[in-house]
Q: 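Mind having a look at this structure? Questions to follow.
Order of the sequence lines sets the chain letters (A, B, ...), proteins ahead of strands, with each chain counted from 1.
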Protein chains: 2
Amino acid sequence: MPYDLHIFPVFASLSPEHQKALAAIAGTKTYQAGQTIFQENDPGEGFYGIVRGRVKIYKSSPLGKEYILHIFGPGEIFAEVAVFAGKNFPANALCLEETKLLFFPRTQFRRLIAENPDLGLNLLGLLSMRLRQMVAKVEELSLKEVPARLAAHLLLIRDNLGRDLFELDLNKSQLAGYLGTVPETLSRVIRRMKEEGYIDIKGRQVNLLDVQGLEDLAGGSTRLQP
Amino acid sequence: MPYDLHIFPVFASLSPEHQKALAAIAGTKTYQAGQTIFQENDPGEGFYGIVRGRVKIYKSSPLGKEYILHIFGPGEIFAEVAVFAGKNFPANALCLEETKLLFFPRTQFRRLIAENPDLGLNLLGLLSMRLRQMVAKVEELSLKEVPARLAAHLLLIRDNLGRDLFELDLNKSQLAGYLGTVPETLSRVIRRMKEEGYIDIKGRQVNLLDVQGLEDLAGGSTRLQP
DNA sequence: CCTTGTGTTTGACTTAAGTCAAGGCATAAA
DNA sequence: TTTATGCCTTGACTTAAGTCAAACACAAGG
């Protein structure tokens, strides 16, 4: 086993046997600063995990301009998308400093998951879970204004209960924290949404008066009064 | 082939043969509003894709409180994380309306990728790619302030070129757009960062005067892990 | 030379939301 | 009843950033 896979978050929660199996097909490679790992259109023979160092992924245009897609550091894997899809590399990879890599050859990896489908399923599960988390985070971050976040939250509760009149199970301070704001702002937002006839709130009793309006608020439009 | 997999974004870019193979193991199930699909601790016999309708995923506490984890709609798949990991379901699933599902049984799915490892690799590639995109989006969204985004951008160029003095390849209006702001704001931010001694900019010539300060400004969020 | 156009900067204003400080209100404890 | 505590609201202020409009810079063409 050439290296400990624990440093790779994607592999960390695999079972010890699966980690062992993966480690068994991995080879180590060391590159100096400035060395190229692969170039655009090279066949994707395998993917890489960074043990130490940093790798720049970039494309260069015919005019010599270069466009940096990403810089990867320790614990990250790269080039797996092209390799998994069985394509040639779509970009170049170059080491920015002395870099130690693990190399997972495509054919061996392919054989591994053929012989050991549970490893494949587990990897799919891991990626799926991380994707879920990221999607949730993006949704949370992109509803940038408090009225939008509040509207989305109330509509979620409504969807769930199937009625427009319900009781919150958080107090307003907790709700503010959950929505990523402070109680004062939440208080003012609620007042405005009451004044404008979207909702009625007394204590924890919520009544949704204008569901369509709330949906607009939660959706594209970001303003209470356009 | 019970249903067209095109409506599922996760499967849409698989090759027609792979889609066919997947469709061949899928069965359809229809549920009425309020019906339970599975409950916490049920064995994960397979995962689901929603053709029509909506499904609520929730946990209930011993006190009867319920916590909604997610509501899925058409085109989304769910329960795949537990199924891939070979675990029991960690939550309950209930239909909010009349719902038509595709069911992919675990054992058949497992056999499918054992016999057809390229399908497994392609699925891994798809998830990997989508995860990449989401991670990029989160990074972009969480650097909320313009000075932080500008600092991170300049440091990325510096990392790449290995020097503190370089020339931008965008004009300031384009740069503003790239950073998700407007030229006026960028102009003011640059003036402030000049006054405060972080950088010097004349035309497209950039000189990074205080790299440590810029790193602090960028907030470490895009920077490399230690 | 002047004109025109594009990109840049500046000023004045507006909005969203956070902070700080001060009250208000209701329920539980004394 | 009074007091205290926790929660909620309100007001006054501050900051980041966007909009609108105007001024500026400078190069290219007439």
Side-chain angles (χ1 to χ4, degrees), chain A residues 137 139-154 157 166-207 213-214 216-226, chain B residues 139-154 166-207 213-214 216-222:
Chain A
K137 207 159 189 125
E139 280 180 2
E140 180 196 318
L141 289 168
S142 16
L143 286 177
K144 53 205 182 320
E145 303 189 352
V146 177
R149 298 203 292 270
L150 176 58
H153 182 70
L154 295 177
I157 297 176
F166 52 84
E167 187 159 327
L168 294 171
D169 51 350
L170 298 176
N171 70 35
K172 300 221 177 109
S173 301
Q174 294 169 316
L175 179 59
Y178 178 77
L179 295 175
T181 183
V182 294
E184 297 96 316
T185 295
L186 179 61
S187 182
R188 295 181 235 264
V189 166
I190 287 175
R191 185 176 47 174
R192 260 173 62 210
M193 287 173 69
K194 281 205 285 206
E195 286 166 5
E196 289 165 24
Y198 288 104
I199 54 176
D200 192 34
I201 296 190
K202 278 193 194 68
R204 292 191 180 186
Q205 286 295 330
V206 179
N207 190 3
L214 287 170
D216 293 348
L217 261 188
S221 157
T222 55
R223 289 213 160 148
L224 274 185
Q225 282 172 324
Chain B
E139 280 183 0
E140 180 197 319
L141 289 169
S142 25
L143 285 177
K144 66 231 168 301
E145 303 188 352
V146 176
R149 298 204 292 271
L150 176 58
H153 182 71
L154 295 177
F166 52 83
E167 187 160 325
L168 294 172
D169 50 352
L170 299 176
N171 70 34
K172 300 223 177 106
S173 301
Q174 293 169 318
L175 179 59
Y178 178 77
L179 295 176
T181 183
V182 294
E184 296 96 315
T185 294
L186 179 61
S187 180
R188 294 180 234 265
V189 166
I190 287 176
R191 185 176 46 175
R192 258 174 58 211
M193 287 174 70
K194 281 205 286 206
E195 285 165 5
E196 289 165 21
Y198 288 106
I199 55 177
D200 192 33
I201 296 190
K202 278 194 195 68
R204 293 190 180 187
Q205 286 295 329
V206 179
N207 190 3
L214 288 169
D216 293 347
L217 259 188
S221 114
T222 25

Q: Looking at C/dA17, I'd like to know if its phosphate oxygens (OP1 or OP2) sit under 4.0 Å from a side-chain N or O belonging to A/T185.
A: no
Q: Could you check whether any side-chain heavy atom of A/L217 comes within less than 4.5 Å of a side-chain heavy atom of A/L150, counting everything from C-beta outward?
A: no
Q: Between A/M193 and A/I190, is any pair of side-chain heavy atoms under 4.5 Å apart?
A: no
Q: Using whole Å, report how far CG of A/L179 lies from P of C/dA16.
A: 17 Å
Q: Expressed in angstrom and rounded to an integer, what is the separation of B/L168 atom CG from C/dG7 atom P?
A: 16 Å
Q: Report yes if a side-chain nitrogen or oxygen of B/N171 is closer than 4.0 Å to either non-bridging phosphate oxygen (OP1 or OP2) of C/dT8; otherwise report no.
A: yes
Q: Over how many whole Å does the gap from B/M193 atom CE to C/dT9 atom P extend?
A: 14 Å
Q: In whole Å, I'd like the distance from the CG atom of A/L150 to the C1' atom of C/dA16.
A: 15 Å
Q: Starting at atom CD1 of B/I190, determine the distance to atom P of D/dA16, rounded to an integer number of angstrom.
A: 17 Å
Q: Check whether any side-chain N or O of B/S173 sits under 4.0 Å from OP1 or OP2 of C/dT6, and answer yes or no.
A: no
Q: Could you state the atom-to-atom distance from CG of B/L170 to P of C/dG7 in whole Å?
A: 13 Å
Q: Is the side chain of A/K194 donor-acceptor paired with the backbone N or O of A/I201 at a distance under 3.5 Å, no angle test?
A: yes
Q: Once you round it to whole Å, what is the distance between C1' of C/dT8 and CD of B/Q174?
A: 13 Å
Q: Mapping B/R191 and A/E184 to their closest nucleotides on DNA chain C, which lands nearer the 5' end?
A: B/R191
Q: To the side chain of B/E145, which of C/dT8, C/dA21, D/dA16 is closest?
A: D/dA16
Q: Taking the side chain of B/R188 as heavy atoms from C-beta outward, which of D/dT19, C/dT9, D/dT9 is closest to it?
A: D/dT19
Q: How many Å lie between CD1 on B/I201 and P on C/dG7, as a whole number?
A: 18 Å
Q: How about A/R192 and A/R188: do any of their side-chain heavy atoms sit closer than 4.5 Å?
A: no
Q: Please find the pair of heavy atoms, one from B/L179 and one from B/R149, that lie closest to each other, and give the distance.
A: O-NE, 2.6 Å
